[in-house]
Amino acid sequence: QNPKTSAIVKQLVAEGNVEELQKCFGLRMEFGTAGLRAAMGAGISHMNDLTIIQTTQGFCRYLEKNFSDLKKRGVVIGFDARAHLSSGGSSKRFARLAANTFISQGVPVYLFSDITPTPFVPYTVTHLKLCAGIMVTASHNPKQDNGYKVYWENGAQIISPHDKGISQAIEENQEPWPQAWDDKLIDSSVLLHDPYATVNKEYFKDIQKQCFHRNINKETNLKFVHTSVHGVGHKFVQLAFEAFDLRPPFAVPEQKDPDPEFPTVKYPNPEEGKGVLTLSFALAEKDGAKIVLANDPDADRLAVAEKQESGEWKVFSGNELGALLGWWIFTCWKNQNRDACAIKDVYMLSSTVSSKILRAIALKEGFHFEETLTGFKWMGNRAKQLMDQGKAVLFAFEEAIGYMCCPAVLDKDGVSAAVITAEMASFLATRNMSLSQQLKAVYDEYGLHITKASYFICHDPKVIQQLFDNLRNYDGENTYPKSCGRFKVSGIRDLTTGYDSSQPDQKAILPTSKSSQMITFTFANGGVATMRTSGTEPKIKYYSELCAPPGNSDVEQLKKELDELVNALEKHFFQPEKNNLQRKTE
């Protein structure tokens, strides 16, 4: 019943544009553990009013089946600032339609009245003890995209088998229920609640438990620049700084207000490096700020850059910031906990494609480190399991600039990560140390960890399948590569098939998934490289790392070795020319 999408379809029919109609209606969007992520537009393969109604009807039925008290507890729904003029879709409209679906079935809905960071949804699920949460966002995807992200009652993103159960329920509930389109009905409903004021107060109270140097914060002369890259983060990072008694950061004026067109950047993704930070650097130079903090548009990720002595800006990789935050959060914990026994219940987590620096810190300091599959859904769920056993999960991170620094949110959170980074930098400044110098100190103490990651774009699923099949049948059937150029392969773990050459029974310990590709190669020189497909983008990604024991300070030699390993990986395993792969461009 949306006049805009309806008109688009009628126009395509009138033109006899079968190809475009096939794209819109050929294949329904797949509901996975990351929920939905697709372009806004007409048809069942896109995000629009109809597909949001259908998805929510399925989700509602699935929750009714799983929770006898759903009508007592309810769900939370949040949204970012995305909008798509030509199809009439927007995050706010989708959130209201989703709310209407639940309310029509007698389920209380806590619908944020304004845009919020993604982490506020899992926070609200936990804080108000709700059955589930929905965040309408496409994070840092291109402007035409939107998404539908789902959290379970434990405050973590859903994992299997919930995705399959929800997907099946969507299939069974495609006919819109009566009044499904009329979202105005919710405004007069007693089942509609607005958690905005409460959550804003409580969240900033909770993150203050991670504030350990209030006096330093009040006095510091260090200046920060913050950009929300046309997303939702501006107001919330300002409030976080206030909660920590830090002077507010300078906000990049051209990027601080939400704008669904993302006019100043090619991709609204701080992970893409310096291109996204150009305006931040200019403002920092003007105002004499040494540190830039950048959130992605839904404020669950954080990029950090620091001005070096040379005048150059260093953008920290996700692994480098993970090393710094891991060191900092453990140091703060140690200062608060003098009891030597307490450390046996302390945990840190990271994903399997992230740097193993936390493992090195854990080994030396005596706490536990665990790795999980890629994605915060795994770390959030594992953290909750450990917390339910009385363990303290201090920190979790993934190399894609995602950090969980505060146990009140079981997902990545760019707001708390920004203010904790600012406190860490302010503390280091009192010791006349920069973040870069502290990073070097961490590597000196726990061993150098050098990482390099990138991706190739490939829009053809057949080519991707072929590339990975080739690796599994490299020297004849069911044989993996024994070398990659001059680098000897010493171990293989394939989490698509469940094979792990390092285990006595050759079975992988981490869960396997046939629906996504992921192979990790260990090399005789101590290097590790993982190749995997992305769940949300047409990319084949790779991650590589070389670790040296403490005391090996020949950084240049290690970098050279890693560069050569990555070049060999690209040449022999990706074969970009043969497979017509498109390289990442700056």
Side-chain angles (χ1 to χ4, degrees), residues 2 4-5 37-41 46-49 52 77-97 111-121 135-149 196 200 224-241 248-284 286-287 289 292-303 305 401 413-415 418 536-537:
N2 179 319
K4 286 190 173 177
T5 45
R37 187 79 67 89
M40 290 178 271
H46 292 130
M47 299 284 291
N48 53 53
D49 291 8
I52 289 293
I77 303 175
F79 56 91
D80 69 10
R82 285 176 178 259
H84 189 240
L85 282 177
S86 62
S87 71
S90 73
S91 298
K92 184 173 187 173
R93 169 143 183 85
F94 294 161
R96 285 179 61 84
L97 285 166
L111 173 68
F112 281 100
S113 53
D114 202 352
I115 54 172
T116 58
T118 291
F120 277 31
V121 168
M135 179 69 191
V136 184
T137 178
S139 190
H140 55 260
N141 270 41
K143 64 180 181 182
Q144 67 273 14
D145 288 2
N146 217 324
Y148 186 106
K149 197 172 185 181
Y196 193 87
N200 265 296
F224 300 89
V225 158
H226 174 251
T227 177
S228 47
V229 194
H230 304 295
V232 303
H234 168 70
K235 174 186 172 181
F236 303 97
V237 169
Q238 298 279 322
L239 288 169
F241 268 63
F250 298 109
V252 177
E254 302 93 328
Q255 296 178 334
K256 80 178 175 67
D257 297 323
D259 186 336
E261 291 299 313
F262 304 111
T264 64
V265 291
K266 190 178 174 189
Y267 300 107
N269 183 2
E271 222 187 323
E272 296 286 345
K274 290 190 174 175
V276 182
L277 303 177
T278 312
L279 291 170
S280 302
F281 295 151
L283 181 66
K286 180 170 132 311
D287 289 330
V292 166
L293 305 165
N295 287 124
D296 67 342
D298 67 329
D300 63 351
R301 285 180 164 89
L302 174 75
I401 61 172
D413 179 357
V415 178
T536 53
E537 297 163 299

Here the pair of heavy atoms bringing Leu283 nearest to Ala251 is CD2-O, 3.5 Å

4.5 Å side-chain heavy-atom contact, Arg82 and Phe262: yes

So CD of Gln255 and OG of Ser280: to nearest 0.5 Å the spacing works out to 5.5 Å

Euclidean distance, His234 NE2 relative to Thr227 OG1, rounded to 0.5 Å: 10.5 Å

How far does CZ of Phe250 sit from CG of Asp287, to the nearest 0.5 angstrom? 4.5 Å

Among Asn146, Thr137, Thr118, find the residue that satisfies the side chain to side chain donor-acceptor pair (under 3.5 Å) test when tested with Asp80. Thr137

Among residues at least two apart in sequence or on other chains, which ones pass side chain to side chain contact (heavy atoms under 4.5 Å, CB included) with Pro142? Gln144, Asp145

Sorted by chain and residue number, the ring pair (Phe, Tyr, Trp, His ring centres under 6.0 Å) partners of Phe281 (sequence neighbours excluded) come out as Trp313

Report the residues that fulfil ring pair (Phe, Tyr, Trp, His ring centres under 6.0 Å) with Phe79, sequence neighbours left out, ordered by chain and then residue number. none

Find out whether Phe94 and Met40 are in side-chain contact, i.e. whether some heavy atom of one side chain is under 4.5 Å from a heavy atom of the other. yes

How long is the span from the CZ atom in Arg93 to the NE2 atom in His84, to the nearest 0.5 Å? 15.0 Å

Under the side chain to side chain contact (heavy atoms under 4.5 Å, CB included) test, residues paired with Pro258 that sit two or more places apart: Ala81, Ile115

Heavy atoms, side chains only, cut-off 4.5 Å: are Val237 and Asn295 in contact? yes

Applying salt bridge (Lys or Arg N to Asp or Glu O under 4.0 Å) to Asp300 and not counting sequence neighbours gives Lys149, Lys412

Who pairs with Phe241 by ring pair (Phe, Tyr, Trp, His ring centres under 6.0 Å), at least two apart in sequence or on another chain? Phe224

Once you round to the nearest 0.5 Å, how far does NZ of Lys235 lie from OG of Ser228? 13.0 Å

List the atom of Pro260, the atom of Ala83, and the distance in Å for their closest heavy-atom pair. CB-N, 3.4 Å

For Asp259, give me all partners under salt bridge (Lys or Arg N to Asp or Glu O under 4.0 Å), at least two apart in sequence or on another chain. none

As an exercise, state the distance from OG1 of Thr5 to NE2 of His46, rounded to the nearest 0.5 Å. 11.5 Å

Looking at residues at least two apart in the chain, or sitting in another chain, which of them share a side chain to side chain contact (heavy atoms under 4.5 Å, CB included) with Pro270? Ala294, Asp296, Ala303, Ile401

Taking salt bridge (Lys or Arg N to Asp or Glu O under 4.0 Å) as the definition, give me every residue that meets it alongside Arg37, ordered by chain and number, with sequence neighbours left out. none

Got a sec, which residues hit ring pair (Phe, Tyr, Trp, His ring centres under 6.0 Å) with Phe236, two or more places apart in sequence or on another chain? Phe120

Search all heavy atoms of Ser139 against all heavy atoms of Arg301 and return the closest pair with its distance. OG-NH1, 3.5 Å

Side chain to side chain contact (heavy atoms under 4.5 Å, CB included) partners of Glu254, counting only residues at least two apart: Val252, Thr264, Leu279

Atom of Asn269, atom of Val276 and distance for their closest heavy-atom approach: O-CG2, 3.2 Å

Determine whether His140 and Val229 make a side-chain contact, defined as any pair of heavy atoms from C-beta on separated by less than 4.5 Å. no

Correct closest heavy-atom pair for Gly78 and Thr116 would be CA-OG1, 4.4 Å

Heavy atoms of other groups near Tyr267 OH, more than 12 under 6.0 Å: no

With sequence neighbours left out, write down each residue that passes salt bridge (Lys or Arg N to Asp or Glu O under 4.0 Å) with Lys92, or none if nothing qualifies. none

If every non-hydrogen atom of Gln238 is compared with every non-hydrogen atom of Pro248, which pair is closest and at what distance? OE1-CB, 3.2 Å

